[in-house]
Amino acid sequence: MPDANDCAAALLDEYTELLVMSGGDPFRGRVYGKAARAIAAYPHDVAGLSAAELVRIPGVGKSIAAKVAEITATGSFAELEELRTDIPDGVRRLTRIPALGPRRALQLYRELGVASPEQLREAIAAGRLNSLKGFGAKSAEKLLRGIELLESAGSRVLLNVAAQTAAAVIDAVKAAPGCLRIEAAGSLRRAAESVGDVDVLAAAADSAPLMAALTAMPEAVEVIAAGPAKTSVRTRAGLQVDLRVVPLDCWGAALQYFTGSQQHNVRIRELAVRRKLKLSEYGLFDAETGELIVSRTEEEVYRRLGLARIPPVLREDTGEIAARQPR
DNA sequence: GCCGTTTTCGGCCCGACTGTTTTCAGTCG
């Protein structure tokens with residue numbers, strides 16, 4: 001993929017983050033993120049394209065085409081530079097802390113002047129978060145832990161390491177009473193080169209014994225979240241493991257959802273919306289009546305959306321959906 | 001800001017969990 005595309009995509013992504021942080025129209029922010037992904041996946045060098053050619057890239061309209069042209073010519077664009085002067089780069093780094101998103105990162109900056117993870121640690125130590133609306137004792141504790149995780153930073157691991165973890169989780173959970181089916185999903189099932197976390201999907205009428213089996217694993221040193229539908233733990237090695245449990249009837253829809261990349265799923269769900277349908281991990285439904293249409297197999301879900309089944313490894317939103325739509 | 005298998009205007013994926021908020025915003029995937 002051409003360097004110019006990576007460069008333009010990175011700047012548009014940065015602009016997306018800054019837009020989201022500064023409030024404003026959330027849909028506008030999404031558009032830039034979408035365009036950034038399309039440009040990153042675009043096979044031709046954007047630096048050599050005219051405006052008319054740029055707008056042929058899906059998700060790129062006149063306005064973004066002009067910004068890409070400006071990036072090609074100058075290395076950046078005016079609106080981005082303007083936001084950069086408003087929000088220091090360290091504030092963006094704050095959002096790398098787990099559980100700290102754009103809105104609260106900006107709040108920390110605006111109200112306490114905190115402009116980096118290091119400054120956040122100092123602010124917490126000095127008790128300065130106590131006065132901040134929406135930040136309680138638990139938040140402070142969680143943020144400190146998050147900063148530690150950020151600093152130890154082995155964020156993504158190789159596929160084989162994740163596969164070993166998944167195998168251990170599957171062994172432990174499938175022994176729990178009531179486990180009807182279990183399989184690794186997420187980037188592991190897509191066979192991505194590296195994975196950020198381990199996703200495991202299971203089917204059961206009662207999820208409690210399965211969730212208990214996960215949190216009882218000796219490797220699970222921290223419980224990040226624990227609910228009836230989803231439980232997340234962190235392993236000794238710092239790898240996050242998410243276990244999702246659904247009723248057996250939803251297996252296909254759930255596997256479809258928990259396998260696709262975020263972007264693939266958004267695309268597929270948009271396709272559903274355009275057909276007056278609603279897709280979730282629980283099935284494909286009629287948007288108006290809420291009536292269930294299909295949910296048992298992935299093939300049924302894709303077929304009902306007018307698509308041939310897409311192999312897991314391709315579910316990255318890099319053109320695989322258009323390639324399977326009838327012309 | 002982009003886009004169209006009713007649309008060139010009015011939408012824009014969907015659900016789970018947490019913390020502090022007593023009804024929901026923020027975050028995540």
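Atoms considered below: every heavy atom in the structure, side chains included; atoms not considered: hydrogens, waters and symmetry mates.
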Look through every strand shown and name the nucleotide pairing with B/dT8 as Watson-Crick or G-U wobble, where both distances are under 3.5 Å.
none

Of the listed nucleotides B/dC17, B/dT20, B/dG1, the one nearest the side chain of A/A229
B/dC17

What's touching nucleotides 6-11 of chain B from the protein side, N or O pairs under 3.5 Å?
none

Grab the NZ-P distance between A/K142 and B/dT18 for me, whole Å please.
7 Å

Do A/K142 and A/E148 sit within salt-bridge range, that is, some charged N less than 4.0 Å from a carboxylate O?
no

Is A/Q262 touching bases, backbone alone, or none of the nucleic acid, heavy atoms closer than 4.0 Å?
base

Closest to the side chain of A/D25, out of B/dT20, B/dG1, B/dG15, is B/dG1

Quick check: do A/Y15 and A/E79 have side-chain heavy atoms less than 4.5 Å from each other?
yes

Go through B/dC2, B/dC12, B/dC14 for me and flag the one nearest to the A/K278 side chain.
B/dC14

Do the charged groups of A/R236 and A/E219 touch, with an N to O distance under 4.0 Å?
no

Check this for me: does any side-chain nitrogen of one of A/R269 and A/E281 sit under 4.0 Å from a carboxylate oxygen of the other?
yes

Classify A/G134 by what it touches in the nucleic acid, base, sugar-phosphate, or nothing, heavy-atom distance under 4.0 Å.
sugar-phosphate

Check whether any side-chain N or O of A/Y282 sits under 4.0 Å from OP1 or OP2 of B/dA16, and answer yes or no.
yes

Using a heavy-atom cut-off of under 4.0 Å over every strand shown, decide if A/A35 touches base, sugar-phosphate, or nothing.
nothing

Please check if the distance between the ring centroids of A/Y282 and A/Y257 is under 6.0 Å.
no

Please write out the pairs of protein N or O atoms and N or O atoms of nucleotides 26-28 of chain B separated by less than 3.5 Å, giving the distance to one decimal.
residue : atom : partner : partner atom : Å
B/dT27  : OP1  : A/G101  : N            : 2.8
B/dT27  : OP1  : A/G101  : O            : 3.1
B/dT27  : OP1  : A/R104  : N            : 3.0
B/dT27  : OP2  : A/R103  : N            : 3.1
B/dT27  : O5'  : A/G101  : N            : 3.3
B/dC28  : OP1  : A/A99   : N            : 2.8

Among A/L284, A/V294, A/L271, side chain to side chain contact (heavy atoms under 4.5 Å, CB included) partner for A/L277:
A/L284

Examine the base of B/dG29 for any acceptor or donor lying under 3.5 Å from a partner atom in the side chain of A/Y257, and report the outcome as yes or no.
yes

Position toward the 5' end of DNA chain B (nearest nucleotide), A/T231 or A/F27
A/F27

Salt bridge flag under 4.0 Å for residues A/E320 and A/R315:
no

Ionic contact status for A/R267 with A/E270, cut-off 4.0 Å
no

Looking at A/R84 and A/E14, is there a salt bridge between them, counting it only when a charged N and a carboxylate O are closer than 4.0 Å?
yes

For A/I57 and B/dC2, what is the distance between atoms CD1 and C1' respectively, to the nearest whole Å?
14 Å

